[in-house]
Number of protein chains: 2
Amino acid sequence: MRSLNDQPEGLGIAAVERDTGLPKDTLRVWERRYGFPRPLRDANGERVYPAEQVDKLRLIRRLLDQGLRPSRIVAATTEELAQMLEAAREAAPAAAPADWGTLLGLMHRQEGAALQRALQQNLLKNGLQRFLTDTLVPLTDAVGQAWLKGELSVAGEHLYTEQVHNVLRGAIANHGAHGGSPSILLTTFPNELHSLGLLMAEALFAPEGAQCTSLGTQTPLADIERAATQGGIDVVALSFSSAYPARQAVDGLNTLRARLPAHIALWAGGHAMREQQRKLPGIRVIADLQDGIAALAEWRAGHPA
Amino acid sequence: MRSLNDQPEGLGIAAVERDTGLPKDTLRVWERRYGFPRPLRDANGERVYPAEQVDKLRLIRRLLDQGLRPSRIVAATTEELAQMLEAAREAAPAAAPADWGTLLGLMHRQEGAALQRALQQNLLKNGLQRFLTDTLVPLTDAVGQAWLKGELSVAGEHLYTEQVHNVLRGAIANHGAHGGSPSILLTTFPNELHSLGLLMAEALFAPEGAQCTSLGTQTPLADIERAATQGGIDVVALSFSSAYPARQAVDGLNTLRARLPAHIALWAGGHAMREQQRKLPGIRVIADLQDGIAALAEWRAGHPA
DNA sequence: GTTTTCATTTTGTCCTGGACAAATTAAGTA
DNA sequence: TACTTAATTTGTCCAGGACAAAATGAAAAC
C-alpha cells in the first residue's frame with residue numbers, strides 16, 4: 001500500500017490516476033509498450049511517479065482528447081508535445097465573443113460571482129434564445145480551446161461550467177409556463193458526465209412551452225425506458241458530448257429505440273451525433289440549437305392538439 | 001471493452017465498480033476468497049454481474065460503511081443482510097419528514113415540477129438552515145434507503161437530485177451577501193460524482209457570509225492546489241459521499257494538506273469522513289451541517305478581521 | 001480495572017505478463 | 001468516389017501471487 005507521505009518522492013499509481021484521469025491499467029500498459037511513463041520503485045517494488053512525469057502525462061492527455069493517438073505522442077519529448085499543442089492552436093481558431101478577454105480574466109482569477117453577473121447581464125440583454133446561440137455556444141467552445149492550449153486551468157473551466165449552470169437553471173426556473181406539450185424527458189447515457197448540453201437543451205425547449213423533465217446525467221438504459229413509459233412522456237431527448245464514443249452512442253440509441261413504444265419520439269443531440277443520422281433510423285438527430293427548435297415544430301405539426 | 005447493451009444480461013466489472021463503489025480488484029478478490037459475488041462469464045470469459053448480485057453488493061457496501069467486516073457478511077444471504085440493515089436502522093433511526101409518502105409518490109410518477117414546488121414551499125417555511133438540516137438531510141437519506149430497498153427507481157432518484165439542485169442553486173443565488181470572509185473554495189476529488197453534498201455545503205456557508213467559490217465535482221488535486229493558492233482562498237472544503245473509498249480520500253487529503261501553504265485551512269465533509277479525523281492531522285473533519293457552522297465559527301475566532 | 005504492547009488474522013491494493021475485442025487506419029475492390 | 005476487408009493500435013480484463021495497513025484478540029504492565 002501507498003505511503004502517506006509521498007510528497008518528496010512522487011505519486012503512487014492511484015494518485016496519478018486521480019491526478020491525470022488515466023486508469024491504472026492504461027498507465028501500466030503504456031509503460032510496457034512505449035517505455036513511458038517510467039516510474040521509480042519504492043522499497044516494496046511499487047511504482048512511484050516523479051512530478052515531471054505526471055506533468056507530461058497531463059500534457060499527453062490533452063492531446064489525446066484532441067484526437068491524437070498514443071503511439072504518436074507518448075514517446076515524444078516534452079518540447080515536441082508543446083509543438084503539437086501549438087499546431088492544434090492554429091488549426092482550430094475559436095470564434096470568441098467580443099468580451100472574451102474580460103471573461104477569461106475572471107475565470108483565471110476565480111471570480112465566480114463576477115463571471116455569473118456578466119453572463120446574467122448578457123442573458124438579460126439578448127434574451128434566452130440568443131444568449132444560448134450567440135454567447136453560450138461560442139463561449140463554451142472558446143473555453144474548451146483555451147483549456148486545450150493551457151491558457152485556462154481545469155479550475156477555471158470548472159468555474160465557468162458552474163456559473164453557466166447557475167445562470168441557466170435560474171433562467172429555466174423563471175420562464176413561467178408549465179404543463180405544455182410535448183412532454184420531454186431529458187437525460188444522458190451512463191459514462192456521459194457532461195451536463196451542459198443537457199441544460200442548454202432544457203433552456204431551449206422549456207421557454208417554447210414544452211414540459212421538460214430532466215433526470216440529469218448517467219441514467220441507465222433500462223431506467224430511461226421505465227421512466228419514459230411510466231410518465232406519459234412524448235419525447236425522450238439524449239445529449240452526447242464530443243468525448244462520448246460514437247459507437248456506444250449509436251448502439252445504445254438503437255437499442256433504446258427498439259425498446260420504446262413507437263409513439264414516443266427519440267431525439268439525439270450533441271457534437272458526437274453530427275454525422276450519424278443514417279445509422280439511426282427512427283431517431284431524430286439534432287444538429288444544433290436551431291435544429292432543436294425545428295424538431296419541436298415538426299413534432300407539433302405531427303401531433304395537433 | 002464494455003458494450004452499452006448490457007442491460008438485460010448484467011453489468012461488466014467496470015460498471016459494477018461505478019455502481020457500487022467497490023474497486024475492481026476488491027470484487028475479484030472477494031470472488032476468490034469468499035465465493036461471492038459469483039458473476040457469469042460472457043463469450044470472452046469476462047465477468048458479467050447479474051442485477052441481483054449487484055443489488056446484494058450494494059447492501060453489503062452499506063453494511064461495510066457501518067463497520068461490519070466482509071468475511072461476516074459477504075457469505076450471508078440477502079435476507080440476512082436485510083435483517084442486519086434493519087437492525088442497524090433501528091440503532092440509528094432516520095427521521096423521514098412528515099410528508100414523505102407524498103414526496104415519494106411525486107418521485108415515482110416523475111412529477112418534477114410538483115416536487116420542486118413542494119421543496120420550495122418547505123424552504124420558504126423553514127428558512128434555508130432548517131430546510132437543510134430538518135428536511136433535506138433526512139429526505140436524502142430516506143431517498144437513498146428507498147432506492148436500496150427497491151422502492152424507488154433510479155429515475156426517481158435522479159429526478160429528486162435534479163430538483164434539489166434547482167432549489168438549492170436558486171436559494172444560494174438569492175442570499176444576497178457577497179465578498180465576505182472567509183473565502184471558501186468548494187469541490188470534490190476526481191471519481192466523486194455526487195454534487196449534492198457540495199451544494200448543501202455551499203448553501204450552508206454562503207448565507208453565513210462566507211465567500212463561496214464552487215468548482216463543481218471532480219477537480220484534480222494539482223488544480224485544487226493551484227486554484228487555492230492563486231485565488232486568495234482561506235479555506236478549501238472538500239465533500240465526500242459515502243460511496244467514495246475512504247482510503248483514497250484520506251490519502252488525497254493528506255497529500256493536499258502537504259502541498260497547500262499552512263495558512264490555508266483544509267476541511268473535509270461527508271459521510272465517508274465520519275471517523276477519519278485521527279488519520280487526518282491538520283485537517284478539519286466536518287461531521288455534519290451543524291459542525292460546519294462550528295468550523296466556520298472556529299475559523300473566524302482564529303482570524304479576527 | 002484500565003491501558004499498553006505484541007502477535008495474529010483479515011483485507012485492500014499492487015504486481016506481472018498474457019489475452020482479446022473494439023476502434024482506427026490502411027489497403028483493396030466495385 | 002464509396003464501400004468492404006485486412007492489419008494495426010489501444011484500452012480493458014484476467015489469473016494468481018504478494019505484501020503492508022488495519023483490525024482483532026491475547027498477554028502484560030500500569
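Note on naming: letters A, B, ... go to the chains in the order of the sequence lines (proteins, then strands), and numbering restarts at 1 for each one.
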Worked verdict on B:E17 versus B:T26 for side chain to side chain contact (heavy atoms under 4.5 Å, CB included): CA-CA 9 Å; B:E17 174 179 22; B:T26 301; over 6 Å; no
Within this structure, what is the CG-to-P distance between A:L22 and D:dT10, rounded to whole angstrom? 14 Å
Atom-to-atom span, CD of B:E17 to P of C:dG12 - whole angstrom: 14 Å
Atom pair distance, as rounded to whole Å: CG in A:L68 and P in D:dG11: 13 Å
Can a donor-acceptor pair be found, under 3.5 Å and without considering hydrogens, that links the side chain of A:T77 to the backbone of A:E80? yes
Check the distance between C:dA21's C1' and B:E46's CD and give it to me in whole angstrom. 8 Å
For residues 53-61 of chain A, which side-chain N or O atoms pair as donor and acceptor with protein atoms under 3.5 Å away, sequence neighbours left out?
| unit_1 | atom_1 | unit_2 | atom_2 | d |
| --- | --- | --- | --- | --- |
| A:Q53 | OE1 | A:R38 | N | 2.9 |
| A:Q53 | NE2 | A:R38 | O | 3.0 |
| A:D55 | OD1 | A:R58 | NH1 | 3.0 |
| A:K56 | NZ | A:A76 | O | 2.8 |
| A:R58 | NH2 | A:D19 | OD2 | 3.1 |
| A:R61 | NE | A:T20 | O | 2.8 |
| A:R61 | NH1 | A:D65 | OD1 | 3.1 |
| A:R61 | NH1 | A:D65 | OD2 | 3.3 |

What is the distance from CD of A:E31 to P of C:dT16, rounded to the nearest Å? 7 Å
For A:R28 and for A:R72, locate the closest nucleotide of DNA chain C by heavy-atom distance; then report the residue assigned to the nucleotide nearer the 5' terminus. A:R28
Do A:L215 and A:I224 pass the side chain to side chain contact (heavy atoms under 4.5 Å, CB included) test, and can you show the C-alpha distance, the side-chain angles, and the key distance before you say yes or no? CA-CA 9 Å; A:L215 298 182; A:I224 299 176; 5.7 Å; no
Cationic N near anionic O, under 4.0 Å, A:E31 to A:R41: yes
Tell me the interatomic distance from B:I13, atom CD1, to C:dT13, atom P, rounded to whole angstroms. 13 Å
Whole-Å distance, B:L40 CG to D:dC14 P, equals 13 Å
N/O-N/O pairs, protein side and nucleotides 18-20 of chain C side, under 3.5 Å:
| unit_1 | atom_1 | unit_2 | atom_2 | d |
| --- | --- | --- | --- | --- |
| C:dG18 | N7 | A:R32 | NH1 | 3.0 |
| C:dG18 | O6 | A:R32 | NH2 | 3.3 |

Both A:Y34 and A:D25 contact DNA chain D. Taking the nearest nucleotide for each, which residue is further toward the 5' end? A:Y34
Taking the side chain of B:R69 as heavy atoms from C-beta outward, which of D:dA23, D:dG11, C:dC14 is closest to it? D:dA23
Could you check how far CG of A:L11 sits from C1' of C:dC14, rounded to whole Å? 16 Å
Counting only side-chain nitrogens and oxygens, does A:R41 get under 4.0 Å of the OP1 or OP2 atom of C:dT16? yes
Indicate yes or no: at least one non-hydrogen side-chain atom of B:W267 is less than 4.5 angstrom from one of B:V285. no
Which nucleotide sits closest to the side chain of A:R47: C:dG12, C:dC14, C:dT16? C:dT16
Between B:K24 and D:dC13, does any side-chain N or O lie under 4.0 Å from OP1 or OP2? yes
If every non-hydrogen atom of B:P39 is compared with every non-hydrogen atom of B:R47, which pair is closest and at what distance? CG-CG, 3.6 Å
Side-chain N or O of B:T26 closer than 4.0 Å to phosphate OP1/OP2 of C:dT13: yes
From D:dT12, D:dT10, C:dT16, pick the nucleotide closest to the side chain of A:S71? D:dT10
Compare the minimum distances between each of C:dG12, C:dC14, D:dC13 and the side chain of B:A14, then state the nucleotide with the smallest one. D:dC13
